[in-house]
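Report on the following structure.
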Number of protein chains: 2
Amino acid sequence: MKPFTKINNSEELGQYILKERKKLKLTQKEISEFTDVGRKFVLELEKGKTTAQIGKIFEVLNGLGLELHLIKRGES
Amino acid sequence: MKPFTKINNSEELGQYILKERKKLKLTQKEISEFTDVGRKFVLELEKGKTTAQIGKIFEVLNGLGLELHLIKRGES
DNA sequence: CATTAAAGTTTCCGATCGGGGACTTTTTGT
DNA sequence: ACAAAAAGTCCCCGATCGGAAACTTTAATG
């Protein structure tokens, strides 16, 4: 039930996205269909690819109903 | 004093990073020196480049003492 | 089991990343 | 106003992105 999840790197980002996609019972293909990203991108993003591009990541986050927040270290 | 700042796209990400860098009185060059990114990258990131790579973005966020958090829409 | 979908892998390829360095423009400080 | 620093632009180039499509492996369902 913890609402905020701190993400430290691409690895964790991918894992969180995967987990969330499963919760929503979506396939990688479905995400790639209602967002402007390819199937391979979703696949690689979930695997923690460090070179995934931020614009496409925002597309996926939006599609999954996830918000990105920034917090100054120490204030969380 | 709001601790959490919602970032909706690359544009906002760049603006926030710029603002934070100024607060810390750092130059783009300095950031590129103590992180593994080039000057040009910091420049373009702040300008909202949508193709900036996530791994390098994490480097900059770490360098600036910023944490990335994900929140489910509606729970913030 | 058998069948089908999903996930993961591989190849091809045009487009673009990001670093380095040189240069120009803008900002800063005295 | 002037000098210096910072920011922004430009070019070169090796490396890699991400889409598409075909294929293999894994998982799910009857």
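Side chains included, hydrogens not; waters and symmetry mates left out as well; all remaining heavy atoms used. Lettering follows sequence order; numbering is per chain, from 1. What you are looking at is a predicted structure, and each value in this text was computed from that prediction instead of being measured.
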Closest nucleotide among dA7(C), dG18(C), dG18(D) to the Lys49(A) side chain: dG18(D)
Length of the CG-C1' vector between Leu45(A) and dG19(D), whole Å: 15 Å
N or O in side chain of Lys22(A) less than 4.0 angstrom from dA7(C) OP1/OP2: yes
Any Thr51(A) side-chain N or O less than 4.0 Å from OP1/OP2 of dT16(D): no
Arg21(B) bridged to Glu30(B) by N-O distance under 4.0 Å: no
CA sep, side-chain torsions, deciding dist, call: Gln28(A), Glu46(A), side-chain contact (heavy atoms from CB on, under 4.5 Å): CA-CA 10 Å; Gln28(A) 295 175 339; Glu46(A) 290 184 350; 3.0 Å; yes
Nucleotide dG19(C), atom C1' - distance to CG of Asp36(B) in whole Å: 10 Å
For atom CZ of Arg21(B) and atom P of dA5(D), their distance in whole Å: 17 Å
5'-most by nearest nucleotide on DNA chain D - Leu26(B) or Lys40(B): Leu26(B)
Given dG18(D), dG18(C), dT9(C), the nucleotide with the shortest approach to the side chain of Arg39(A): dT9(C)
For atom CZ of Phe41(A) and atom P of dA21(D), their distance in whole Å: 19 Å
Interatomic distance, Gln28(A) CD vs dT9(C) P [rounded to whole Å]: 10 Å
d(CG, Leu43(A); P, dA21(D)) in whole Å: 17 Å
Atom-pair distance (CD on Gln15(B); P on dA7(D)), nearest Å: 16 Å
Any donor-acceptor N/O pair, Lys56(B) side chain to Asp36(B) backbone, under 3.5 Å: yes
Rounded distance in Å - CD (Glu33(A)) to P (dA6(C)): 9 Å
Residues Lys29(A), Glu33(A): salt bridge by 4.0 Å N-O rule: yes
Closest to the Lys56(A) side chain, choosing from dA7(D), dC17(D), dG18(D): dG18(D)
Single-linkage hydrophobic cluster, 4.5 Å side-chain cutoff, Tyr16(B) and Ile57(A) together: yes
Most 5' of Glu44(A) and Gln53(A) on DNA chain C, judged by nearest nucleotide: Glu44(A)
